[in-house]
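Here the structure comes first, spelled out in structure tokens, and everything after it is commentary.
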Amino acid sequence: SAGRAAVLAAGVHQDLHDGGGRGAVGDAGAGADGLPGARAHPARGGEPVRVTTDAADDYVPSWSRDGLWIYFGSTRSGRNEIWKVAPGGGEPMQVTQRGGLYAKESVDGRDLYYARGGAFPATICRVPVAGGEEVTVVGNLAYYANYSVARDGIYFESAAPGESVGSLAMFPPFSRPGATIEFLNF
């Protein structure tokens with residue numbers, strides 16, 4: 001498999017510094033280069049440009065709060081881990097060491113939150129952006145992507161009591177009987 005490549009649209013780096021906005025990032029099908037992957041599109045339009053070239057799967061990109069990094073999940077280490085790369089490309093740097101996917105930076109930009117443990121159920125973990133210990137923040141996350149980092153905490157969907165891993169597949173977020181939205185205050 002050629003893998004999915006994280007890409008960045010031309011002009012986004014310039015947009016970061018002139019008030020034009022960061023543009024959007026997300027998974028998409030094959031791009032103009034014929035490769036599937038995560039795509040970022042500048043606020044002013046433009047063609048995507050690859051910023052990673054590894055054959056591994058690179059997926060679910062997200063911007064750092066300051067716009068200087070794109071975080072993404074990747075299998076380039078042999079398992080799902082969080083990496084970061086500068087918007088203009090360069091050598092990606094591994095952020096997590098014990099597994100991770102779907103990263104979101106804290107509102108103040110000090111910590112990186114991410115899911116660990118597979119698609120369902122998963123845990124939410126945290127690591128300082130500057131580096132440091134990876135810690136589990138909350139367990140029993142119903143699905144790896146069903147959380148949001150807010151100024152004072154994290155909103156997340158917890159798995160329903162007694163729910164098995166297999167029963168979570170194919171359900172849209174927040175649609176199952178017994179599922180709850182919870183808030184963990186910082």
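Every value quoted in this text rests on a predicted model; they were computed, and no experiment measured them.
- Between W63 and P87 the shortest side-chain heavy-atom distance falls below 4.5 Å.
- Between Y59 and G100 the shortest heavy-atom distance is OH-O, 4.2 Å.
- Within the 4.5 Å cutoff, the side chain of Y114 has heavy atoms near those of the V127 side chain.
- Residues forming a side chain to side chain contact (heavy atoms under 4.5 Å, CB included) with T136 (at least two apart in sequence, or on another chain): R116, T123, C125.
- Neither L112 nor F72 shares a network with the other; the hydrophobic side chains, linked directly or stepwise wherever heavy atoms of I, L, V, M, F, W or Y lie under 4.5 Å apart, form separate groups for each.
- T75 contributes no side-chain N or O that, together with a main-chain N or O of N80, makes up a donor-acceptor pair within less than 3.5 Å.
- A side-chain donor-acceptor contact under 3.5 Å links E105 to the backbone of R65.
- Listed here is the closest heavy atom pair of S74 and D58: OG-OD1, 2.6 Å.
- Test I124, L141, V138 against I154 for side-chain contact (heavy atoms from CB on, under 4.5 Å) and you get one pass: I124.
- Under a 3.5 Å cut-off, the side chain of E134 and the backbone N or O of Q97 do form a donor-acceptor pair.
- Minimum interatomic distance between M93 and W69 (heavy atoms only, all atoms of both residues): CE-CH2, 2.9 Å.
- Between P128 and D111 the shortest heavy-atom distance is CA-OD1, 3.5 Å.
- The shortest heavy-atom contact between A150 and Y155 is CB-CE1, 3.9 Å.
- Without hydrogens or angle criteria, T96 side chain to I82 main chain gives a donor-acceptor distance under 3.5 Å.
- Between Y71 and V129, the closest side-chain pair of non-hydrogen atoms falls below 4.5 Å.
- For the pair V95 and E81, the minimum side-chain heavy-atom distance is 4.5 Å or more.
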*Evaluation steps, side chain to side chain contact (heavy atoms under 4.5 Å, CB included), between R79 and R98*: CA-CA 9 Å; R79 67 177 180 183; R98 299 184 305 174; 4.3 Å; yes

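- Without hydrogens or angle criteria, S106 side chain to R110 main chain gives a donor-acceptor distance under 3.5 Å.
- A cation-pi arrangement is present between K104 and Y147, with the terminal nitrogen or guanidinium carbon under 6.0 Å from the aromatic centre and inside a 45° cone about the axis.
- For the residue pair A103 and S62, the shortest heavy atom distance occurs at O-OG, 2.8 Å.
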